[in-house]
S.K.: 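Here it is, the structure in full.
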Amino acid sequence: MTPPRRMLRAGEVLFAEGDAPTGAYLIEAGELEMSTVVRGRRLVLSRLRAGELVGEMAVFDDGPRSTTAVALVDSELYAIDPEQVTERLAKTDPVIRALIESLLHRYRSVVRSYREASPPSAFDPEPSFEQLRGLAIARADAAAFDQATPTEGVDKLRLESELRQALADDGLDVRYQPILHIASGRVAGYEALIRWNHPERGPVSPMELVGLAEESALIVAVGEYVFDTACRAVTRLIDAGAEPSPFIAVNVSARQLQHPGLVQRIVERVEAAAVPRGSLKIELTESQSFDDVQVEAAIALCHRHGIGVALDDFGTGYSHLARMHRLQFDTLKIDQGFTRALLDEPRVHHVVEAIVAMARALDAQIVAEGVESGEVLEVLRMLGCDYAQGFLIGQAERLDHLVERLRAS
Ligand code: C2E
Ligand code: MG
Ligand code: MG
């Protein structure tokens, strides 16, 4: 993957008028001057500073660059992958899309007609720019347009570019939370949980990271990173003497699953890593947006390659029962909400009891998430739950720590 950060020296041209469009940039530091040539004279259109976008038209359409962008001082930019925008644009309200397309179309045609029509003598750099803008977008529209370029959107684009950079720089991390086999009292496996320690913001929650990555194709690269890392982790744990040979469960969201060929690629990566059969599992999260046909095909493919499939956060969202007879999950992970209320609410106790009985009948295993106390673990044992995961058993840890501990024992 090409790292998105780009440094420009003062005087360096980012792109020139007429160039093919290669994407947009977010200015992180420095200043750029945008200009165009009208009847042989250079007209400065604007100066763009940190926090502003440059060349953004290129991600909307593939018209040639209508301006030249030059760094006035040493500048730092983040490339915006056109995919970051095009997928959002494709999913956006058709009315908004039409508005953007019409604004762009108008802007480009005004620039063109101005260039062709304006007599050199009437040329005056300052008013001309006003004229350009004024013609392109009526003043009222322009005010609305300025307001409609919310910092939230720019912040999101920046964070996404930083996430791509973190992926390219090995700046992401995967932690492993132990899963206890209750009957034997041994750790049977681990759940891989992604971590990103942002240089300025500190830790970014995995929910935010995954949610952000899911808005573009970036989620594919993030998912592959977690799978590759988890495969290497399995090998290291086995080499360090983990007994019995552990499994690692990797989370896959419904949105990830929608990317064509994703499960096929996961399977290929697991095969290429040559980890023992059964040592990689997937956990399907956010069941509310599952497409059952897709999930069924994914489960079948995984099973052919010895990859177990768990339904995460069972009992929440739309993990409805009609699905249970059709989809052959190997494991149901009882959501933390049930585990937490297990001691205090008798009805929850009955529900968990019923879930365990159902899982038995369907030949699926049960993992209770969010186990934080010994009393809860005892109740789960009595109910016949197979596995427990939670702070009582252990937090998500670095692989190095796990390996050191295994070697020491
Ligand atoms: P999840 O798959 O249900 O993972 C369990 C979450 O509960 C983890 O939060 C874990 O740290 C937390 N947890 C574990 N034991 C306890 C406990 O005893 N008490 C409490 N209060 N919390 C506990 P985390 O790491 O913040 O992850 C949140 C969610 O983000 C995950 O929920 C999963 O849906 C998603 N996620 C994490 N890593 C990935 C990934 O690589 N890919 C995808 N698609 N999603 C991921
Ligand atoms: Mg999970
Ligand atoms: Mg869960």
Side-chain angles (χ1 to χ4, degrees), residues 163 166-167 172-180 187 189-197 202-233 247-259 262-263 265-266 269 280-290 295 298 308-317 319 329-343 355 365-377 380 385 387-399:
L163 177 57
L167 256 175
L172 296 180
D173 195 9
V174 179
R175 301 283 163 94
Y176 303 89
Q177 186 177 31
I179 299 173
L180 181 82
V187 170
Y190 301 85
E191 175 170 5
L193 295 164
I194 195 160
R195 294 290 178 262
W196 181 23
N197 197 12
V204 177
S205 97
M207 299 289 235
E208 187 182 356
L209 183 168
V210 169
L212 184 73
E214 275 178 340
E215 289 183 25
S216 69
L218 191 55
I219 190 63
V220 174
V222 168
E224 289 178 350
Y225 161 80
V226 180
F227 266 94
D228 289 344
T229 311
C231 286
R232 287 195 299 272
F247 65 82
I248 291 185
V250 176
N251 289 286
V252 174
S253 69
R255 297 271 294 272
Q256 266 174 286
L257 214 57
Q258 283 163 9
H259 283 273
L262 180 119
V263 183
R265 283 204 297 280
I266 287 174
R269 295 177 109 83
L280 243 288
K281 300 188 184 208
I282 68 174
E283 291 187 6
L284 296 181
T285 60
E286 291 157 63
S287 51
Q288 55 265 48
S289 34
F290 277 162
V295 175
V309 183
L311 178 57
D312 209 345
D313 308 327
F314 181 71
T316 64
S319 45
F329 290 106
D330 307 276
T331 306
L332 301 182
K333 294 193 80 173
I334 302 181
D335 187 68
Q336 313 195 0
F338 292 95
T339 314
R340 230 172 278 139
L342 192 58
L343 297 183
I355 295 176
Q365 298 205 297
I366 291 277
V367 179
E369 298 188 78
V371 180
E372 295 184 355
S373 75
E375 292 104 295
V376 168
L377 182 62
L380 291 168
C385 180
Y387 298 95
Q389 179 182 352
F391 296 162
L392 175 75
I393 323 306
Q395 300 263 355
E397 281 195 85
R398 287 177 192 284
L399 180 66

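Note that these values count all heavy atoms, side chains included, but never hydrogens, waters or copies made by symmetry. Numbering of ligands and ligand atoms starts at 1, following listing order.
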S.K.: Hey, could you give me the CZ/CD1 distance between R255 and I219, rounded to the nearest 0.5 Å?
M.R.: 9.0 Å

S.K.: For the atom pair CG (D313) and NZ (K333), what is the distance rounded to the nearest 0.5 Å?
M.R.: 8.0 Å

S.K.: Which atoms from ligand 1 have a heavy atom of S253 less than 4.0 Å away?
M.R.: 44 (N)

S.K.: Can you tell me if T339 uses its side chain to pair, donor with acceptor, with the backbone of E369 under 3.5 Å?
M.R.: yes

S.K.: So which heavy atom in the protein is nearest atom 5 (C) of ligand 1, and how far is it from that ligand atom?
M.R.: E369 OE1, 3.7 Å

S.K.: Do you see a protein non-hydrogen atom under 4.0 Å from atom 2 (O) of ligand 1?
M.R.: yes

S.K.: May I ask you to test the V174-Y190 pair for a side-chain heavy-atom distance under 4.5 Å?
M.R.: no

S.K.: Among all protein non-hydrogen atoms, which one is nearest to atom 35 (C) of ligand 1, and what is the separation to 0.1 Å?
M.R.: M207 SD, 4.3 Å

S.K.: Return the residue, atom name and 0.1 Å-rounded distance of the protein heavy atom closest to atom 17 (C) of ligand 1.
M.R.: E372 OE2, 3.4 Å

S.K.: Taking only non-hydrogen atoms of G370, do any sit less than 4.0 angstrom from ligand 1?
M.R.: yes

S.K.: For the atom pair OG1 (T331) and CG (L311), what is the distance rounded to the nearest 0.5 Å?
M.R.: 10.0 Å

S.K.: What part of Q256 sits under 4.0 Å from ligand 1 if we count only heavy atoms: the side chain, the backbone, both or neither?
M.R.: side chain

S.K.: Heavy-atom pairs closer than 4.0 Å: do any link ligand 1 to the side chain of V250, the backbone, both, or neither?
M.R.: neither

S.K.: Would you say atom 32 (O) of ligand 1 touches the protein, meaning some protein heavy atom is under 4.0 Å from it?
M.R.: no

S.K.: Over all heavy atoms of both residues, which pair between G202 and N197 is shortest? Give the atoms and the distance, please.
M.R.: C-OD1, 3.2 Å

S.K.: Let me confirm one number: the CG-CG distance from L218 to L167, rounded to the nearest 0.5 Å.
M.R.: 6.0 Å

S.K.: With heavy atoms of R195 as the reference, note each atom of ligand 1 found under 4.0 Å away.
M.R.: 11 (O), 25 (O)

S.K.: If you measure from atom 34 (O) of ligand 1 to every heavy atom of T229, T316, T285, which option wins on shortest distance?
M.R.: T285

S.K.: Do the side chain of D330 and the main chain of V309 share a donor and acceptor less than 3.5 angstrom apart?
M.R.: yes

S.K.: Report the distance from atom CD1 of I266 to atom CG of D228, rounding to the nearest 0.5 Å.
M.R.: 10.5 Å

S.K.: Is the closest side-chain heavy-atom distance between Q256 and I282 below 4.5 Å?
M.R.: no

S.K.: Which protein heavy atom lies closest to atom 15 (N) of ligand 1, and at what distance to 0.1 Å?
M.R.: Q177 NE2, 2.9 Å

S.K.: Is there a side-chain contact between S253 and E214, using heavy atoms and a 4.5 Å cut-off?
M.R.: yes

S.K.: For the Mg ion (ligand 2), how many protein N, O or S atoms lie at less than 2.8 Å?
M.R.: 4

S.K.: Where on D313 is there a heavy atom closer than 4.0 Å to ligand 1, on the side chain, on the backbone, on both, or on neither?
M.R.: side chain

S.K.: Quick check for you: to the nearest 0.5 Å, what is the distance between I366 atom CD1 and I355 atom CD1?
M.R.: 6.5 Å

S.K.: Considering only the protein, which heavy-atom contact is closest to atom 24 (P) of ligand 1, and what is its distance?
M.R.: P206 CG, 3.6 Å

S.K.: What pair of heavy atoms forms the shortest contact from A396 to R175, and how long is it?
M.R.: CB-CB, 3.6 Å

S.K.: Please classify the E191 to ligand 1 contact at 4.0 Å (heavy-atom distances, strictly less than): side chain, backbone, both or neither.
M.R.: side chain

S.K.: Considering non-hydrogen atoms of the protein only, which is the closest contact for atom 13 (N) of ligand 1, and what is the distance?
M.R.: Q336 NE2, 3.4 Å

S.K.: Quick check: do N251 and V210 have side-chain heavy atoms less than 4.5 Å from each other?
M.R.: no

S.K.: Once side-chain contact (heavy atoms from CB on, under 4.5 Å) is applied, do any residues pair with L180, and if so which ones, sequence neighbours excluded?
M.R.: L377, I393

S.K.: Does any non-hydrogen side-chain atom of V367 lie less than 4.5 Å from one of E191?
M.R.: no

S.K.: Which ligand 1 atoms, with their elements, are less than 4.0 angstrom from a heavy-atom of V226?
M.R.: 41 (O)

S.K.: Heavy-atom distances under 4.0 Å are what count here, so tell me which part of I194 touches ligand 1: side chain, backbone, both or neither.
M.R.: both

S.K.: List the closest protein heavy-atom neighbour of atom 46 (C) of ligand 1: residue, atom name, distance to the nearest 0.1 Å.
M.R.: N251 CB, 3.7 Å

S.K.: How does L193 reach ligand 1, by side chain, by backbone, by both or by neither, if only non-hydrogen atoms under 4.0 Å count?
M.R.: both

S.K.: Among all protein heavy atoms, pick out the one at the shortest distance from atom 16 (C) of ligand 1; state its residue, atom name and that distance to 0.1 Å.
M.R.: F391 CE2, 3.2 Å

